[in-house]
Structures are given as C-alpha cells and as structure tokens.
Amino acid sequence: MEDERKIGEQYMNIQQLMDYTTLGRNRAMQLGKESGACIKFGRRVFYSKQILDQYLESLLMS
C-alpha cells in the first residue's frame, strides 16, 4: 500500500498536471512533453513530478 502511495505522489495524470501547473489541458500536455516528464503505459499517460520540477527550476535559473 505504501508503494502505491509513493507512486501516486511521483506521477500525475493530465488532470493532476493541470491542477499542479494551473495550465489548460493542451498547454499542460505540451509542457509535459517538452520537459520529458511524459510517461506512457499503454493508452494511459502519466507525468513525472520530479522531472517536471527539475525542468521548471532550470527555466527559472536561466
């Protein structure tokens, strides 16, 4: 059960990504792809929070 919770904290679906970034669906999907945070499991798509955070930090530092 703890492993599932950790996975849930590390990866987001598109709705969670939209809430996290306060972007619309298309811009959130674009950001996920540009950052390399997009992970596909069959037809399902998840976004790595850790990779996305690193990408956003790199944008702020440059």
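Just so you know, these numbers come straight off a predicted model, no measurement behind them.
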(request) For Gln50, enumerate each residue passing the side-chain hydrogen bond (donor to acceptor under 3.5 Å, both in side chains) test, keeping only those at least two apart in sequence or located in another chain. (result) none

(message) Holding to side-chain hydrogen bond (donor to acceptor under 3.5 Å, both in side chains), I want the full list of residues that pass it with Tyr55, two or more places apart in sequence or in another chain.
(response) none

(request) Give, for atom CG of Leu56 and atom OG1 of Thr21, the distance between the pair rounded to the nearest 0.5 Å. (result) 8.5 Å

Side chains of [X] and [Y], heavy atoms from C-beta outward: is any pair under 4.5 Å?
X	Y	value
Leu52	Tyr20	yes
Asn26	Gln30	no
Val45	Ile14	no
Lys49	Met12	yes

(message) Ignoring hydrogens, what is the shortest heavy-atom contact between Met18 and Arg25? Give both atom names and the distance.
(response) SD-CA, 3.6 Å

Please table the atom pairs, donor to acceptor, closer than 3.5 Å between any side-chain atom in residues 37-44 and protein atoms at least two apart or in another chain.
none

(message) Could you see if Tyr11 belongs to whatever hydrophobic cluster contains Ile51? Use Ile, Leu, Val, Met, Phe, Trp, Tyr and a side-chain cutoff under 4.5 Å.
(response) no

(request) State which residue, out of Met29, Lys33, Gln16, fulfils the side-chain contact (heavy atoms from CB on, under 4.5 Å) condition with Tyr47. (result) Met29

